[in-house]
Amino acid sequence: VQLQASGGGLVQAGGSLRLSCVASGRTFSRSIMGWFRQAPGKEREYVAGITWNAGSSYYADSVKGRFTVSRDNAKNTVYLQMNSLKPEDTAVYYCAADPRLINWPAPDYAYWGQGTQVTVSS
(Lines give C-alpha, C1' and ligand atoms only; values in the text may rest on other atoms or scores of the structure.)
Protein backbone atom coordinates (compact mmCIF):
# COMPACT_ATOMS: atom_id res chain seq x y z
CA VAL A 1 0.00 0.00 0.00
CA GLN A 2 1.31 3.41 -0.96
CA LEU A 3 -0.23 6.50 0.56
CA GLN A 4 -0.22 10.07 -0.75
CA ALA A 5 -1.49 12.82 1.53
CA SER A 6 -2.44 16.29 0.37
CA GLY A 7 -4.51 19.28 1.31
CA GLY A 8 -2.33 20.97 3.87
CA GLY A 9 -1.67 24.67 3.87
CA LEU A 10 -1.78 27.90 5.80
CA VAL A 11 -5.05 28.92 7.41
CA GLN A 12 -6.11 31.40 10.04
CA ALA A 13 -7.34 30.28 13.42
CA GLY A 14 -10.99 29.32 13.22
CA GLY A 15 -10.67 28.24 9.62
CA SER A 16 -11.00 24.85 7.98
CA LEU A 17 -8.98 22.48 5.86
CA ARG A 18 -9.67 19.08 4.40
CA LEU A 19 -6.83 16.63 4.07
CA SER A 20 -6.98 13.77 1.61
CA CYS A 21 -4.98 10.58 1.46
CA VAL A 22 -5.11 8.46 -1.67
CA ALA A 23 -4.01 4.85 -1.39
CA SER A 24 -2.78 2.50 -4.03
CA GLY A 25 -3.24 -1.22 -3.73
CA ARG A 26 -6.17 -3.55 -3.41
CA THR A 27 -6.11 -3.76 0.36
CA PHE A 28 -7.30 -0.21 1.01
CA SER A 29 -10.96 -1.09 1.30
CA ARG A 30 -10.08 -3.67 3.95
CA SER A 31 -7.68 -1.47 5.89
CA ILE A 32 -8.01 0.56 9.03
CA MET A 33 -6.94 4.10 8.17
CA GLY A 34 -5.51 6.68 10.50
CA TRP A 35 -4.28 10.24 10.68
CA PHE A 36 -1.36 11.31 12.82
CA ARG A 37 0.39 14.59 13.35
CA GLN A 38 3.74 15.72 14.61
CA ALA A 39 4.66 19.22 15.62
CA PRO A 40 8.28 20.35 15.97
CA GLY A 41 9.76 19.12 19.21
CA LYS A 42 6.70 17.05 20.08
CA GLU A 43 5.86 13.39 19.91
CA ARG A 44 3.70 12.05 17.14
CA GLU A 45 0.01 12.15 18.05
CA TYR A 46 -2.65 9.78 16.84
CA VAL A 47 -5.39 12.14 15.74
CA ALA A 48 -8.12 10.03 14.15
CA GLY A 49 -8.83 6.56 12.82
CA ILE A 50 -11.58 4.86 10.86
CA THR A 51 -12.42 1.22 10.35
CA TRP A 52 -12.50 -0.40 6.94
CA ASN A 53 -16.26 -0.01 6.56
CA ALA A 54 -16.45 3.35 8.32
CA GLY A 55 -18.49 1.67 11.01
CA SER A 56 -16.34 3.10 13.79
CA SER A 57 -14.08 6.08 14.19
CA TYR A 58 -11.60 7.27 16.77
CA TYR A 59 -10.59 10.81 17.73
CA ALA A 60 -8.02 12.16 20.08
CA ASP A 61 -9.51 14.33 22.80
CA SER A 62 -7.61 17.30 21.40
CA VAL A 63 -9.60 17.23 18.15
CA LYS A 64 -12.90 15.69 19.17
CA GLY A 65 -15.82 17.75 17.94
CA ARG A 66 -13.66 19.68 15.45
CA PHE A 67 -12.20 17.02 13.15
CA THR A 68 -14.06 14.40 11.15
CA VAL A 69 -12.51 11.38 9.48
CA SER A 70 -14.24 9.73 6.55
CA ARG A 71 -13.41 7.46 3.66
CA ASP A 72 -14.52 6.64 0.15
CA ASN A 73 -13.47 3.10 -0.65
CA ALA A 74 -14.50 3.50 -4.28
CA LYS A 75 -11.89 6.25 -4.58
CA ASN A 76 -9.31 4.62 -2.29
CA THR A 77 -9.31 7.85 -0.31
CA VAL A 78 -9.54 8.81 3.33
CA TYR A 79 -10.28 12.36 4.42
CA LEU A 80 -9.73 14.46 7.49
CA GLN A 81 -12.04 17.45 7.70
CA MET A 82 -10.58 19.93 10.15
CA ASN A 83 -12.78 22.75 11.42
CA SER A 84 -12.28 25.44 14.04
CA LEU A 85 -8.55 25.13 13.63
CA LYS A 86 -6.29 26.38 16.38
CA PRO A 87 -2.63 27.38 16.30
CA GLU A 88 -1.85 24.26 18.32
CA ASP A 89 -3.10 22.16 15.40
CA THR A 90 -0.03 23.25 13.46
CA ALA A 91 1.92 20.13 12.53
CA VAL A 92 2.86 17.80 9.75
CA TYR A 93 -0.06 15.45 9.21
CA TYR A 94 0.45 11.86 8.09
CA CYS A 95 -1.96 9.18 6.96
CA ALA A 96 -1.42 5.53 7.74
CA ALA A 97 -2.99 2.20 6.89
CA ASP A 98 -3.20 -1.19 8.49
CA PRO A 99 -4.80 -4.14 6.64
CA ARG A 100 -4.63 -6.56 9.54
CA LEU A 101 -7.84 -5.26 11.15
CA ILE A 102 -6.70 -5.90 14.69
CA ASN A 103 -6.20 -3.83 17.84
CA TRP A 104 -8.77 -1.23 16.93
CA PRO A 105 -8.74 1.72 17.65
CA ALA A 106 -4.94 1.74 17.91
CA PRO A 107 -3.48 -0.75 15.47
CA ASP A 108 0.21 -0.93 14.73
CA TYR A 109 -0.09 0.89 11.45
CA ALA A 110 1.98 -0.85 8.81
CA TYR A 111 1.99 1.68 6.00
CA TRP A 112 2.68 5.40 6.12
CA GLY A 113 2.41 8.24 3.68
CA GLN A 114 4.52 11.33 3.43
CA GLY A 115 3.32 14.22 5.50
CA THR A 116 1.44 17.35 4.57
CA GLN A 117 2.09 20.56 6.48
CA VAL A 118 -0.76 22.32 8.23
CA THR A 119 -0.01 25.75 9.64
CA VAL A 120 -2.62 27.67 11.63
CA SER A 121 -1.90 31.32 12.25
CA SER A 122 -3.31 33.20 15.21
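Legend: salt bridge (charged side-chain N to carboxylate O under 4.0 Å, His left out) pairs involving residues 95-122, not counting sequence neighbours, sorted by first then second residue: D98-R100. Applying the side-chain hydrogen bond (donor to acceptor under 3.5 Å, both in side chains) definition to pairs two or more places apart or across chains, those involving residues 14-23 are S16-N83. Pairs engaging residues 69-81 under the salt bridge (charged side-chain N to carboxylate O under 4.0 Å, His left out) rule: none recorded [sequence neighbours left out].
Residues passing the side-chain contact (heavy atoms from CB on, under 4.5 Å) test with S70 are Y79, sequence neighbours excluded. By the salt bridge (Lys or Arg N to Asp or Glu O under 4.0 Å) test, E88 pairs with no residue at all, sequence neighbours left out. By the ring-ring contact (aromatic ring centres under 6.0 Å, His included) test, W104 pairs with no residue at all, sequence neighbours left out. A search for side-chain contact (heavy atoms from CB on, under 4.5 Å) contacts involving S84 returns R66, not counting sequence neighbours. For K42, there are no salt bridge (Lys or Arg N to Asp or Glu O under 4.0 Å) partners, not counting sequence neighbours. Every residue meeting the side-chain contact (heavy atoms from CB on, under 4.5 Å) condition with Q2, not counting sequence neighbours, appears here in chain and number order: S24. Residues satisfying the salt bridge (Lys or Arg N to Asp or Glu O under 4.0 Å) test with R30, not counting sequence neighbours, are none. Taking A106 as the reference, Y46 meet the side-chain contact (heavy atoms from CB on, under 4.5 Å) condition, with sequence neighbours excluded.
Residue V78 shares its hydrophobic cluster (ILVMFWY side chains chained together at separations under 4.5 Å) with V1, L3, V11, L17, L19, F28, M33, W35, V47, I50, Y59, V63, F67, V69, L80, M82, L85, Y93, Y111, V118, V120.
T77 places no side-chain N or O within 3.5 Å of a backbone atom of V22 that could act as its donor or acceptor partner.
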